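What you see is a predicted model, and the numbers here were worked out from it, not measured in a lab. Residue indices begin at 1 and follow the sequence shown.
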Amino acid sequence: MISLRRLFQLTVLLNQDCWWGVAPSPTDEGALRSGHGDHGEPGHKEPHKDSYSTFASEFLESRYLSDDGYPFPTAPPVDPFAKIKVVDCGVTKGCIRYGKPGCDAETCDYFLSYRRIGTDVEFEMSADTDGWVAVGFSSDKKMGGDDVMGCVHDDNGRVRIHHFYNVGQWAKEIKRNPARDEEGVFENNRVTCRFKRPLYIPREETLVDLHLSWYYLFAWGPAIQGSITRHDNDAPPVSDHMISIYKYVDIFMPSTAYQTFSSPFCLLLIVALTFYLLMGTP
């Protein structure tokens with residue numbers, strides 16, 4: 001027979017095993033982590049990993065992993081480039097179009113718009129090219145000594161705004177760039193951009209005062225590794241008269257393919273040939 005003393009010892013051991021097998025309550029857990037036991041002894045120091053915290057951490061980690069286990073890009077989304085509105089031309093902004101009659105910012109060989117916003121001028125440019133598009137501010141309709149703003153498509157697919165100064169027939173890039181709030185996109189084999197520039201900049205050789213009127217030079221062409229090369233046209237188009245930033249005009253300039261029969265000489269030649277055919281030969 002088991003003595004009463006031995007039976008009592010077995011009962012105590014069983015009670016201890018059962019107590020250690022039960023998960024502690026939040027109150028007990030807090031006492032074990034930060035306090036002391038009933039007799040002033042240090043509490044349990046091991047970090048506790050409850051099921052909710054484990055689930056939350058695993059969930060947050062899994063949200064930023066793709067199906068292959070690679071992290072998703074964390075860069076913020078970029079707003080799409082807002083299309084240029086030609087319905088505002090001649091009303092709330094000035095526009096110059098070069099190309100086929102009736103063309104717009106997405107179909108003209110070259111397109112430029114400008115409008116005043118406070119102390120800035122906002123320019124929009126677009127051209128049928130995979131390289132660069134630019135506008136120059138000239139006092140004499142000729143290249144040389146001109147302030148030029150250009151949008152260049154680089155090898156990484158980005159369109160950046162650059163500042164140039166025409167030295168003769170060569171465009172030299174200038175480090176001081178007055179452009180801000182830059183946007184650019186290359187789509188459908190077109191370079192399109194939008195940027196702002198202060199109306200007035202302390203006079204420098206390479207920067208003109210847009211308060212004044214200037215002849216506008218229009219040019220576009222290919223680029224190599226983000227550097228511009230010679231423009232596509234041997235004789236880039238130029239505005240017929242000086243343009244004031246305070247007058248919102250809507251100017252159309254036919255490209256070479258559409259101005260062949262519009263010159264006085266060609267019209268006279270057509271009339272002469274028609275008369276000759278109608279009269280016949282003797």
Side-chain angles (χ1 to χ4, degrees), residues 89-90 93-99 108-116 119-129 131-152 161-179 191 193 195-223 227-260 262-266:
C89 291
K93 65 182 178 182
C95 298
I96 296 94
R97 319 180 200 203
Y98 177 87
C108 286
D109 293 350
Y110 178 98
F111 179 91
L112 170 76
S113 78
Y114 61 87
R115 65 169 177 160
R116 299 184 313 278
T119 58
D120 292 336
V121 181
E122 181 184 76
F123 289 99
E124 297 173 315
M125 285 192 290
S126 180
D128 184 14
T129 180
W132 58 272
V133 55
V135 59
F137 310 103
S138 173
S139 60
D140 57 5
K141 287 190 173 184
K142 299 178 182 179
M143 283 189 67
D146 313 308
D147 179 2
V148 179
M149 300 300 299
C151 305
V152 185
I161 286 74
H162 297 256
H163 180 219
F164 301 94
Y165 183 75
N166 285 340
V167 180
Q169 300 293 311
W170 174 59
K172 176 184 178 182
E173 184 166 3
I174 306 300
K175 290 184 178 180
R176 184 182 179 187
N177 190 346
V191 174
C193 64
F195 62 91
K196 294 176 184 175
R197 166 174 162 159
L199 263 170
Y200 174 75
I201 300 175
R203 181 73 189 213
E204 290 187 8
E205 182 183 6
T206 61
L207 292 168
V208 301
D209 184 355
L210 292 179
H211 281 295
L212 305 177
S213 298
W214 304 92
Y215 290 106
Y216 281 25
L217 312 178
F218 313 113
W220 61 98
S227 298
I228 67 174
T229 60
R230 181 174 172 78
H231 41 70
D232 287 341
N233 288 0
D234 291 334
V238 184
S239 62
D240 291 333
H241 58 274
M242 288 186 168
I243 294 177
S244 170
I245 213 73
Y246 295 97
K247 295 181 180 179
Y248 292 155
V249 297
D250 189 4
I251 300 174
F252 171 72
M253 304 170 63
S255 60
T256 305
Y258 297 96
Q259 59 185 255
T260 303
S262 62
S263 66
F265 175 79
C266 289

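With sequence neighbours excluded, the residues that form a ring-ring contact (aromatic ring centres under 6.0 Å, His included) with F218 are Y110. Here F123 pairs with F137, F195 under the ring-ring contact (aromatic ring centres under 6.0 Å, His included) rule; sequence neighbours left out. In terms of the side-chain hydrogen bond (donor to acceptor under 3.5 Å, both in side chains) criterion, residue partners of H211 (sequence neighbours excluded) are, by chain and number, Y246. Residues satisfying the side chain to side chain contact (heavy atoms under 4.5 Å, CB included) criterion with Y248, sequence neighbours excluded, are Y114, R115, R116. Scanning for salt bridge (charged side-chain N to carboxylate O under 4.0 Å, His left out) contacts around D109 gives an empty result, with sequence neighbours left out. Residues satisfying the side-chain hydrogen bond (donor to acceptor under 3.5 Å, both in side chains) test with S126, not counting sequence neighbours, are R190, T192. Applying the side chain to side chain contact (heavy atoms under 4.5 Å, CB included) criterion to S139, with sequence neighbours excluded, gives W214. Annotation: salt bridge (charged side-chain N to carboxylate O under 4.0 Å, His left out) contacts of D240 (sequence neighbours excluded): none. The side-chain hydrogen bond (donor to acceptor under 3.5 Å, both in side chains) test applied to D146 returns S138, N166, not counting sequence neighbours. The side-chain hydrogen bond (donor to acceptor under 3.5 Å, both in side chains) check on N177 picks up nothing, with sequence neighbours excluded.
Shortest non-hydrogen contact noted between S244 and S213 is CB-OG, 3.4 Å. Minimum heavy-atom separation, V167 to K172: CG2-CB, 4.2 Å. Of all heavy-atom pairs between P198 and P178, the closest is CD-O, 3.4 Å.
Partner I96 forms a side chain to side chain contact (heavy atoms under 4.5 Å, CB included) with one of D250, V135, I251 and no other, that one being I251.
Using a 4.5 Å cut-off on side-chain heavy atoms (C-beta onward), L207 and R197 make contact. A 4.5 Å side-chain heavy-atom check between V191 and W220 finds every atom pair outside the cut-off.
Residue pairs meeting the salt bridge (Lys or Arg N to Asp or Glu O under 4.0 Å) criterion with at least one member in residues 135-144: none, sequence neighbours excluded.
Of the inter-residue distances, the one linking K196 atom NZ with T119 atom OG1 reads 9.5 Å to the nearest 0.5 angstrom. Taking CZ from F252 and CZ from R97, the interatomic distance works out to 9.0 Å, rounded to the nearest 0.5 Å. Within the model, atoms CD1 of I201 and CZ of R176 stand 6.0 Å from one another, a figure rounded to the nearest 0.5 Å. Residue M149 holds its CE atom at 7.0 Å from CE of M125, rounded to the nearest 0.5 Å. Remark: H241 NE2 to Y215 OH distance equals 9.5 Å, nearest 0.5 Å. The distance from atom CD1 of I245 to atom CG of D209, rounded to the nearest 0.5 Å, is 10.5 Å.
Here the side chain of H163 pairs a donor or acceptor atom with the backbone of T206 at under 3.5 angstrom. Using modelled atom types, no side-chain atom of S255 and backbone atom of Y98 make a donor-acceptor pair closer than 3.5 Å.
For F164 and W132, the gap between ring centers reaches or exceeds 6.0 Å.
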